[in-house]
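Order of appearance sets the numbers: ligands from 1, and atoms from 1 within every ligand. These numbers were taken from a predicted model, which means no experiment stands behind them.
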Amino acid sequence: MKLTGAEIVWECVLREGTDLVFGYPGGAVLPLYDALTKYPQMKHVLVRHEQGASHMADGYARATGKVGVAVATSGPGATNLVTGIATAMLDSSPTVFITGQVPTSVIGSDAFQEVDITGITLPITKHNYLITNAEELAPTIREAFYLARTGRPGPVLIDIPKDVQSEVTEFVYPENPVVMPNRPWENGCLKTAVNEMITMLGKSRRPVILAGQGILLSGSENELRTFAEKASIPVTATLLGKGVLPDSHELNLGMMGMHGEPQANLAIQKSDLLIALGMRFDDRVTGNLREYAPDAKKIHIDIDASEINKNVKVELGIVGDLKKVLAMAIESMPEADHLAWMELLQEWRSDSIKRDIHHMDPHGKLYAAHVIRDIWEHTKGDIILTTDVGQHQMWAAQYFDREKSRTLITSGGLGTMGFGFPAAIGAKMGCPDQQVWALVGDGGFQMTMTELGTAVEQKTNVTIAIINNGYLGMVRQWQEMFYGERYHMTPMHSPDFCKLAEAYGIPARKVTSPDEVKDAIDFAQNVQDGPVILEFVVEKEDMVYPMVSPGQALDKMVQRPFSTEEKGKE
Ligand SMILES: Cc1ncc(C[n+]2csc(CCOP(=O)(O)OP(=O)(O)O)c2C)c(N)n1
């Protein structure tokens, strides 16, 4: 069958199981958009800015586990995707980005809207391609989707010159599976390593599992649970690992790291064996590396060999699919308990940050953490929550318990402000039967609120909960703690968000006191046919505690100082 390059693109994307793309047209993708008219089964969501498309594709991918796809034109269209591509790269999100390029005859001539997007995105993609003729399209697209979703997932970019999109060629879909020269560890080799792990576990009195996003990416939540239960090992999760073991599980210590639970950080520092599963020892989770878990032997299991020994030197590194490795371990490991260790952890647990909020009487004031906990309670936690970046993100990690994976979607690695709202649109389109909320700061929301137009047009039912503290809150917190309370360039003026909503025809409520919160949540839940905005005007100068200051050891946590009222109660 003879097809144009543009038609081949859509044929192949559909065959990869994707019938939804987010994008924005332009000169260099006109043939692609024109061909789209022949593929009504392919839904295209017209965004308001290409960054929005990139985060929507990412949010869709994280919520569903499927590959998210975004399309943009050459030059500024392509560069507008860059932040989203980097966000997907740092968080291993399976995504494919398709960009138009100037015609092959003028590549390299600084043609109108020419930019070397494969050069620009080389370090922030798992792989990228510049297509030079239409015959390359089908095998390349097949390979791109394979790369995006296999091993450690990530973004792949395909740059397609305009003339290639119009070129007519024979379309042959490569039915055979993609074969890549990767060398996973053989079973025998894995078995030896797993036996070594079991021996180390047998000698340990204070083991701790560090569970990362790799658990959900490999679909090994059940294996994690059985592994932890069989050997009675407490589990702490990274931000992106939240939900891989239910927060209500008795072995779950909560999140680790800079704003982690005290018992989780203390457990790591006092442990004699860390078992790191699909995580990458980011500096926000280790604190000062020289003082990190000083008495612990370390085991690191990851699909990506380059992660082993990158930040933390380990006694045992295992490169493999977590599902397979954990299943092997479960089969041959003995049951165990670590009673003395559990008792100690229980003692530390009573120092949890959770206590801090329940003891804190708001005295009529609206605190962000309370709002977040209230949303959790009134929605019974049964929603997909996306967040933006900042204080509200950390409070969400602390107070919005997760029972399932893929229900907290947040930019962990890159910390991209502007991610939360478009990611929620993508998540809702991937999971239409689930309630989706975007928790955003007043600062971050203003970076991508232009996607309100997209949500209205698409009738996307997401609730946007704006935590409005009038500041770039997290930066203000650092100014308070480390820069002599000089709040320079962090107070931020916002529009009247309810009036903004009105301009778009979006229902909205402003909440200024604790007794209005529940009503507002009910109001939002009654809206079913499009976006809804709740603006929570919260205390301006609140702090996220506990906090491990940069450069400090993980157990040097600054706790919330008691207020005068609370001191009286002690
Ligand atoms: C694109 C981008 N620019 C700058 C930053 C640095 N930054 C991190 S948190 C933050 C403040 C966020 O403020 P806001 O969105 O109001 O949320 P809050 O911290 O108040 O909850 C800033 C500026 C960032 N993470 N991303």
(message) Tell me if the centroids of the rings in His488 and Tyr483 come within less than 6.0 Å of each other.
(response) no
(message) For the CG atom of Leu245 and the NZ atom of Lys404, what is their distance to the nearest 0.5 Å?
(response) 15.0 Å
(request) Answer yes or no: does an N/O atom from Asp442 fall short of 3.5 Å to an N/O atom of ligand 1? (result) yes
(request) List the closest protein heavy-atom neighbour of atom 14 (P) of ligand 1: residue, atom name, distance to the nearest 0.1 Å. (result) Gly443 N, 3.7 Å
(request) Assign the ring pair Phe482 / Trp478 to parallel, tilted or perpendicular, where the plane angle (0 to 90°) is split at 30° and 60°. (result) perpendicular
(message) Quick test: of every protein heavy atom, which one is nearest to atom 13 (O) of ligand 1, and how far off is it to 0.1 Å?
(response) Leu472 CA, 3.4 Å
(message) If the cut-off is 4.0 Å to any non-hydrogen atom of Met474, which atoms of ligand 1 fall inside it?
(response) 9 (S), 19 (O)
(message) Under a 4.0 Å threshold between the charged nitrogen and the carboxylate oxygen, would Lys242 count as salt-bridged to Asp247?
(response) yes
(request) State, to 0.1 Å, how close Ala144 and Ile158 come at their nearest heavy-atom pair, and which atoms those are. (result) CB-CD1, 3.7 Å
(request) Quick one: closest heavy-atom pair of Ile215 and Ala211, and the distance? (result) CG1-CB, 4.3 Å
(request) For ligand 1, find out whether one of its N or O atoms is nearer than 3.5 Å to an N or O atom of Val475. (result) no
(message) Within ligand 1, which atoms have a heavy atom of Gln391 less than 4.0 Å away?
(response) 18 (P), 19 (O), 21 (O)
(request) Measure the distance from atom 25 (N) of ligand 1 to every protein heavy atom, then report the residue, atom name and distance (to 0.1 Å) of the closest one. (result) Gly415 O, 2.8 Å
(request) State whether Glu502 and Lys499 are salt-bridged, where the test is any N-O pair (Lys NZ or Arg NE/NH1/NH2 against Asp/Glu carboxylate O) under 4.0 Å. (result) no
(message) Could you tell me, atom by atom, which parts of ligand 1 come under 4.0 Å of a heavy atom of Gly441?
(response) 14 (P), 15 (O), 16 (O), 17 (O)
(request) Distance to 0.1 Å, residue and atom name: give those for the protein heavy atom nearest to atom 21 (O) of ligand 1. (result) His392 ND1, 2.8 Å
(message) Under 6.0 Å from the ring centre and within 45 degrees of the ring axis: does the NZ or CZ of Arg476 meet both conditions for the six-membered ring of Tyr487?
(response) yes
(request) Could you tell me whether Arg48 and Glu457 make a salt bridge, using a distance below 4.0 angstrom between a side-chain N and a carboxylate O? (result) yes
(message) Quick test: of every protein heavy atom, which one is nearest to atom 12 (C) of ligand 1, and how far off is it to 0.1 Å?
(response) Val389 O, 3.5 Å
(request) Would you mind running through ligand 1 and noting each atom that sits below 4.0 Å from a heavy atom of Asn469? (result) 20 (O)
(request) Return yes or no for this condition: an N or O of Phe445 is under 3.5 Å from an N or O of ligand 1. (result) no
(request) State which residue, out of Gln479, Lys540, Glu541, fulfils the side chain to side chain donor-acceptor pair (under 3.5 Å) condition with Tyr471. (result) Glu541
(request) If you have a sec, work out which protein heavy atom is nearest atom 4 (C) of ligand 1 and how many Å separate them, to one decimal? (result) Met417 SD, 3.6 Å
(request) Can you sort out which atoms of ligand 1 are near Tyr471, meaning under 4.0 Å from one of its heavy atoms? (result) 16 (O), 20 (O)
(message) What protein heavy atom lies closest to atom 15 (O) of ligand 1? Include the residue and the distance to one decimal.
(response) Gly444 N, 2.7 Å
(request) Say whether Ile467 and ligand 1 are in contact under the criterion: heavy-atom distance to a ligand atom below 4.0 Å. (result) no
(message) Below 3.5 Å, N or O to N or O, backbone or side chain included: is there any such pair between Met447 and ligand 1?
(response) no
(message) Under 3.5 Å between any N/O of Thr416 and any N/O of ligand 1: does that happen in this structure?
(response) no
(request) Inspect the contact between Asp382 and Lys380 and indicate whether a charged nitrogen and a carboxylate oxygen are less than 4.0 angstrom apart. (result) no
(message) Side chains of Gln393 and Trp395 only: does a donor on one sit below 3.5 Å from an acceptor on the other?
(response) no
(message) Below 3.5 Å, N or O to N or O, backbone or side chain included: is there any such pair between Gly473 and ligand 1?
(response) yes
